[in-house]
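Encoded as structure tokens, the structure appears first; notes follow it.
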Amino acid sequence: MACPLSRTTRDVSRVFAAHHTYDYRLCTARRPPGIETLDSKAVIELFSPDRLNPYLTECAGDHAAALALYRWNSTVAAAFFEPIGHLEIMLRNALDAQLVAGQQRRGRTADWYTDRKVPLGDKARADIAQAQQRAGRRGAAIPRGKVIAELSFGFWRFLLARQYKTKLWPDLAGAFPHAPDRALPTVEDPVGRLHKFRNRIAHHEGIWHLPLEARRNDIQTVLGFMAPAAATWVHSASRIDDVLARRP
């Protein structure tokens, strides 16, 4: 059950990233039934005190409040993971389409990820080799779609790195027809933030103290650069705002 917020945090949409002031007396009064008898120390020990210490500090040492915040952190992480997953798939398909088009314009028949003329760095080449190995089937041709799907979010994020500004970006910029300009940082900056954020979620790290509204906006921004309809579709089913409003 969500705890009432103090006045400084009631309006999540305006002050979430700036203030984290809670009325712990109210939180204690609204604990779920049975929370007083819960052996919170045993739960904390299983999670490990080191993992829970930031939550305990935020909750002034209140074990039950810290566990409620930890549970909410997991809930909001799950709410973010779904739209980030949609973005990852759409982003890789959009970038792949631009790289394929670039090969066609240059009269090349090889797939861009196997063509040594495509100016990819050593790390990108190694990632491609690993993706091909994971996608491979003994005695059968490797479907290109499987190779593309095996390339991680990090691979696509780093195709947008500044090292490729003059080599790949002129082709890749076409994946973002609705961006306000063709400057690489316009796209790379939000994608880079989302890549780091997604990795924190994937490693079960805390995100409760991060500017979550800003990351939600980054998702919508990047999707909107590719296609406004995609941003609308993802937002229409997003649980993020609802979960943010229920922070304990």
Side-chain angles (χ1 to χ4, degrees), residues 80-135 142-202 214-235 238:
F80 268 100
F81 208 69
E82 182 177 336
I84 289 175
H86 294 324
L87 181 146
E88 178 180 350
I89 293 170
M90 293 179 184
L91 178 65
R92 78 185 182 209
N93 289 339
L95 295 178
D96 174 50
Q98 293 303 310
L99 291 165
V100 169
Q103 289 292 91
Q104 293 172 347
R105 284 194 302 273
R106 295 174 180 87
R108 299 173 184 168
T109 57
D111 278 313
W112 60 265
Y113 55 85
T114 62
D115 190 347
R116 305 300 295 189
K117 294 180 181 178
V118 176
L120 296 171
D122 292 342
K123 177 62 168 62
R125 292 287 180 195
D127 288 344
I128 290 168
Q130 291 177 2
Q132 290 174 307
Q133 185 175 20
R134 289 192 297 268
I142 303 174
R144 80 172 306 278
K146 181 66 173 173
V147 175
I148 298 302
E150 288 288 348
L151 291 166
S152 70
F153 190 10
F155 174 86
W156 302 104
R157 176 264 176 273
F158 284 108
L159 287 191
L160 299 171
R162 285 164 173 79
Q163 73 183 86
Y164 294 121
K165 182 177 181 179
T166 60
K167 298 176 180 178
L168 294 180
W169 177 244
D171 285 344
L172 297 180
F176 309 97
H178 299 280
D181 54 57
R182 291 178 65 86
L184 175 58
T186 299
V187 174
E188 183 197 3
D189 289 349
V191 172
R193 289 190 295 265
L194 288 172
H195 175 241
K196 291 180 180 179
F197 183 64
R198 179 234 182 251
N199 284 350
R200 288 192 66 88
I201 293 173
R215 297 296 79 78
R216 176 204 62 195
N217 294 343
D218 281 340
I219 294 170
Q220 291 300 112
T221 294
V222 176
L223 288 169
F225 287 169
M226 293 187 285
T232 300
W233 185 83
V234 170
H235 179 70
S238 174

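Each residue takes its place number in the sequence, starting with 1.
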Does any N or O in the side chain of [X] come within less than 3.5 Å of the main-chain N or O of [Y], such that one atom is a donor and the other an acceptor?
{"X": "Ser238", "Y": "Val234", "value": "no"}
{"X": "Gln103", "Y": "Arg108", "value": "no"}
{"X": "Arg157", "Y": "Val191", "value": "no"}
{"X": "Arg106", "Y": "Gly102", "value": "yes"}
{"X": "Asp115", "Y": "Lys117", "value": "yes"}
{"X": "Tyr164", "Y": "Gly121", "value": "yes"}

The test is side-chain contact (heavy atoms from CB on, under 4.5 Å); show your working for Arg125 and Tyr113 and say whether it passes. CA-CA 8 Å; Arg125 292 287 180 195; Tyr113 55 85; 5.7 Å; no

Please report the shortest heavy-atom distance between [X] and [Y], naming the atom on each side.
{"X": "Arg182", "Y": "Ala173", "result": "NH2-CB, 3.3 Å"}
{"X": "Ala231", "Y": "Gln220", "result": "O-NE2, 3.0 Å"}
{"X": "Ile128", "Y": "Phe155", "result": "CG1-CE1, 3.8 Å"}
{"X": "Glu88", "Y": "Arg198", "result": "OE1-NE, 3.8 Å"}
{"X": "Pro170", "Y": "Lys165", "result": "CD-O, 3.4 Å"}
{"X": "Lys146", "Y": "Ala135", "result": "CG-CB, 3.2 Å"}

Is there a side-chain contact between [X] and [Y], using heavy atoms and a 4.5 Å cut-off?
{"X": "Gln132", "Y": "Thr114", "result": "yes"}
{"X": "Leu223", "Y": "Met226", "result": "yes"}
{"X": "Pro177", "Y": "Phe225", "result": "no"}

Pair Trp156, Ile148 - check side-chain contact (heavy atoms from CB on, under 4.5 Å), show working. CA-CA 10 Å; Trp156 302 104; Ile148 298 302; 3.8 Å; yes

Would you say the ring centers of His86 and Trp233 fall short of 6.0 Å from each other? yes

Phe153-His195 aromatic ring centre distance below 6.0 Å: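 Centroid distance Phe153-His195: below 6.0 Å, so yes.
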
Is there a side-chain contact (heavy atoms from CB on, under 4.5 Å) between Trp169 and Val187? Walk through the geometry before answering. CA-CA 10 Å; Trp169 177 244; Val187 174; 3.8 Å; yes

Arg105, CZ atom: more than 12 neighbouring heavy atoms under 6.0 Å: yes

More than 12 foreign heavy atoms under 6.0 Å from CG of Asp122: is that the case here? no

Using the rule given for salt bridge (Lys or Arg N to Asp or Glu O under 4.0 Å), can you reason through Asp189 versus Arg162, listing the C-alpha separation, both sets of side-chain angles and the distance that settles it, and then say yes or no? CA-CA 10 Å; Asp189 289 349; Arg162 285 164 173 79; 3.5 Å; yes

Is any NZ, NE, NH1 or NH2 atom of the basic residue among Arg215 and Asp218 found under 4.0 Å from an Asp or Glu carboxylate oxygen of the other?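 So Arg215 pairs with Asp218 through a salt bridge.
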
Quick one: CD1 on Ile201 to NZ on Lys196, what's the gap to the nearest 0.5 Å? 15.0 Å

Donor + acceptor pair across side chains of Asp96, Trp112 (<3.5 Å): yes

